[in-house]
Structure formats: structure tokens, C-alpha cells
Amino acid sequence: MKQLKIEELSSQCREAITQGFEYNGDYFTYSIEDQQNFNQQLALLAVSAPLDGIEQKTENNGVKVYDMYAYIDICKAGATHKEKKRYFKECKGYNFKYCL
């Protein structure tokens, strides 16, 4: 029974994370592939600052260009979104806190 509950909550957690997040009026999808793309671009910023900005697709405003600092803030917002969705307040009786 406990394992079924863990699986159910983990599934709900993954679904909530991948539905995406909003940042400053822009809505970003956050599938596993989207997360990888955000991380790859963020890694590239660590070695080379772009001169022309960074293009990123939003769900509600099409493709937009962000400067490096705004893009880093978007990545932080995505990470915060993921962490907030990972914690299950309703799991107190199951002796675990995070989705798997």
C-alpha cells in the first residue's frame, strides 16, 4: 500500500513539474526536454556571454529574446518551481518528503 501511494504521489509530482511555470507574465513549458534545454543554455552562459541575447519560446507570447541576466532569472524561476512541486505536505504518514 505504501509503495502504491509513493508511486501515485511521484506521478502527480512529475506531472505538476512538467506542466510549466510562469515568470513575469511569460509561461514556459517544463518537460524533461525543456529542462535539459534550459540547463544546456545556462551552462553555455557560464563560458560565453551572448552578444545578441537568448531566444526562448514562451507558450503565451511566442519566441522572445532575453538578455543573459533575465535568462538566468528565468532558469532560477524554473528551478524554484520544480523544488516547490517536489515537496508533499500530505505525505507525513509515509515517512518520505520528496517525489522520486
Side-chain angles (χ1 to χ4, degrees):
M1 184 72 156
K2 180 178 177 180
Q3 187 59 36
L4 288 175
K5 187 65 173 178
I6 291 171
E7 289 172 15
E8 174 189 341
L9 293 172
S10 291
S11 176
Q12 291 173 4
C13 172
R14 282 188 296 277
E15 185 177 324
I17 290 168
T18 59
Q19 285 180 355
F21 66 97
E22 184 270 335
Y23 178 78
N24 282 354
D26 293 323
Y27 186 79
F28 300 91
T29 59
Y30 214 53
S31 68
I32 298 299
E33 183 179 355
D34 293 324
Q35 293 175 53
Q36 291 169 339
N37 290 337
F38 275 112
N39 289 335
Q40 180 182 14
Q41 185 63 51
L42 196 57
L44 290 172
L45 289 177
V47 295
S48 175
L51 300 176
D52 298 329
I54 301 154
E55 289 186 356
Q56 181 65 44
K57 180 182 176 240
T58 69
E59 286 300 298
N60 60 331
N61 294 314
V63 175
K64 293 181 71 173
V65 178
Y66 299 93
D67 68 27
M68 179 177 72
Y69 300 105
Y71 192 82
I72 290 169
D73 286 343
I74 291 166
C75 291
K76 287 179 183 177
T80 299
H81 159 76
K82 185 174 184 176
E83 284 305 309
K84 283 182 179 179
K85 300 296 182 191
R86 289 181 62 169
Y87 183 71
F88 289 104
K89 293 177 184 171
E90 65 269 24
C91 297
K92 293 177 185 172
Y94 290 93
N95 202 20
F96 68 98
K97 290 197 254 182
Y98 298 95
C99 81
L100 308 171

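Remember, predicted model here, so these are calculated numbers, not experimental data.
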(message) Once salt bridge (Lys or Arg N to Asp or Glu O under 4.0 Å) is applied, do any residues pair with Lys76, and if so which ones, sequence neighbours excluded?
(response) none
(request) Please identify each residue that fulfils side-chain contact (heavy atoms from CB on, under 4.5 Å) with Ala49, with sequence neighbours left out. (result) Met68
(request) Kindly write out the residues that satisfy side-chain contact (heavy atoms from CB on, under 4.5 Å) with Asn60, not counting sequence neighbours, or none if the list is empty. (result) Asp26, Tyr27, Thr58
(request) May I ask whether Tyr69 and Ile74 are part of the same hydrophobic cluster, defined by side-chain heavy atoms of I, L, V, M, F, W, Y residues being less than 4.5 angstrom apart, directly or through others? (result) yes
(request) Using the test salt bridge (Lys or Arg N to Asp or Glu O under 4.0 Å), find all partners of Glu55 that sit at least two apart in sequence or belong to another chain. (result) none
(request) Over all heavy atoms of both residues, which pair between Gly53 and Val65 is shortest? Give the atoms and the distance, please. (result) CA-CG1, 3.8 Å
(request) Kindly assign one of parallel, tilted or perpendicular to the pair Phe28 and Phe38, based on the angle between their ring planes and the thresholds 30° and 60°. (result) perpendicular
(request) Would you name the heavy atoms of Asn61 and Gly25 that are closest together and state the gap between them? (result) ND2-O, 3.4 Å
(request) Applying side-chain hydrogen bond (donor to acceptor under 3.5 Å, both in side chains), name anything that partners Glu22, two or more places apart in sequence or on another chain. (result) none
(request) Answer yes or no: are there more than 12 heavy-atom neighbours, outside Asp52 itself, under 6.0 Å from its atom CG? (result) no
(request) Scan for side-chain hydrogen bond (donor to acceptor under 3.5 Å, both in side chains) pairs involving residues 33-46, sequence neighbours excluded, and state none if there are none. (result) Thr29-Asp34, Ser31-Asp34, Gln35-Lys82
(request) Kindly compute the distance separating CD (Glu83) from CD1 (Ile17), expressed to the nearest 0.5 Å. (result) 8.0 Å
(message) Tell me every residue that passes ring-ring contact (aromatic ring centres under 6.0 Å, His included) with Tyr23, counting only those two or more places apart in sequence or in another chain.
(response) none
(message) For a quick test of reading the model, state the closest non-hydrogen atom pair linking Phe21 to Ala77 and the distance between them.
(response) CE1-CB, 3.9 Å
(message) Going by the rule side-chain hydrogen bond (donor to acceptor under 3.5 Å, both in side chains), which residues pair with Tyr30 if we only count those two or more places apart in sequence or in a different chain?
(response) none
(request) Identify the heavy atoms of Cys75 and Leu42 that sit nearest to each other, and give their distance. (result) CB-CD2, 3.9 Å
(message) I'd like to check the ring-ring contact (aromatic ring centres under 6.0 Å, His included) partners of Tyr66; sequence neighbours left out, ordered by chain and number.
(response) none
(message) Is there a path of hydrophobic side-chain contacts, each under 4.5 Å between heavy atoms, that joins Ile54 and Val63?
(response) no
(request) Determine, stepwise, if the pair Asn24 / Asp73 fulfils side-chain contact (heavy atoms from CB on, under 4.5 Å). (result) CA-CA 10 Å; Asn24 282 354; Asp73 286 343; over 6 Å; no
